[in-house]
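Notes follow once the structure below has been shown.
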Amino acid sequence: MKLLSTLIVSATLCFSGAALAQQHHDDHGDAHNAPNSHAQPHGNPHKKGDRLASGARGDRVPDYRKHGLKAPPKGHEWRKVDNDYVLIAVTTGIISSVIAASR
């Protein structure tokens with residue numbers, strides 16, 4: 001009788017554990033399908049320290065003062081890329097500064 005009681009209790013515990021495991025819910029919401037938090041936000045794709053590709057360097061801005069920009073240091077120039085004024089090193093294309101264009 002004691003053996004039968006032990007078996008029944010053991011079976012009950014095993015099956016209740018299996019039932020709980022099957023009822024497990026994902027409490028993380030939809031984190032697996034959520035956008036990557038490290039993804040670049042919509043907006044300014046140009047960042048200081050990045051390199052502008054040689055084919056995507058926009059138009060040179062020789063009249064920088066007219067646009068309210070400071071004089072570029074030696075070896076640098078202002079470029080109008082998309083809707084930004086981007087100060088780049090001429091030889092490498094490394095971005096030194098980014099200013100949103102007002103028009």
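Keep in mind it's a predicted model, so treat the numbers as computed, not measured. Excluded from the calculations below are hydrogen atoms, water molecules and symmetry mates; all remaining heavy atoms, backbone and side chain alike, are included.
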query: Taking the side chain as C-beta and beyond, is there a heavy-atom pair between Pro73 and Leu87 under 4.5 Å?
result: yes
Closest contact, heavy atoms only, Tyr64 versus Ala71: CE1-CA, 3.3 Å
field: Separation of Leu69 CG from Asp63 CG (nearest 0.5 Å)
entry: 9.0 Å
List, one per line, each side-chain donor-acceptor pair under 3.5 Å for residues 92-101, sequence neighbours excluded.
unit_1: Thr92; atom_1: OG1; unit_2: Ile94; atom_2: N; d: 3.2
unit_1: Ser96; atom_1: OG; unit_2: His76; atom_2: NE2; d: 3.2

- prompt: How many angstroms lie between NE2 in His46 and CG in Asn83, if you round to the nearest 0.5 Å?
  reply: 10.0 Å
message: My understanding is that only residues two or more places apart in sequence, or in another chain, count here; which of them pass side-chain contact (heavy atoms from CB on, under 4.5 Å) with Arg60?
response: Pro62, Glu77, Arg79
message: Applying side-chain contact (heavy atoms from CB on, under 4.5 Å), can you list everything that pairs with Asp59, at least two apart in sequence or on another chain?
response: none
message: Angle between ring planes, His67 versus Tyr85, binned at 30° and 60°: parallel, tilted or perpendicular?
response: tilted
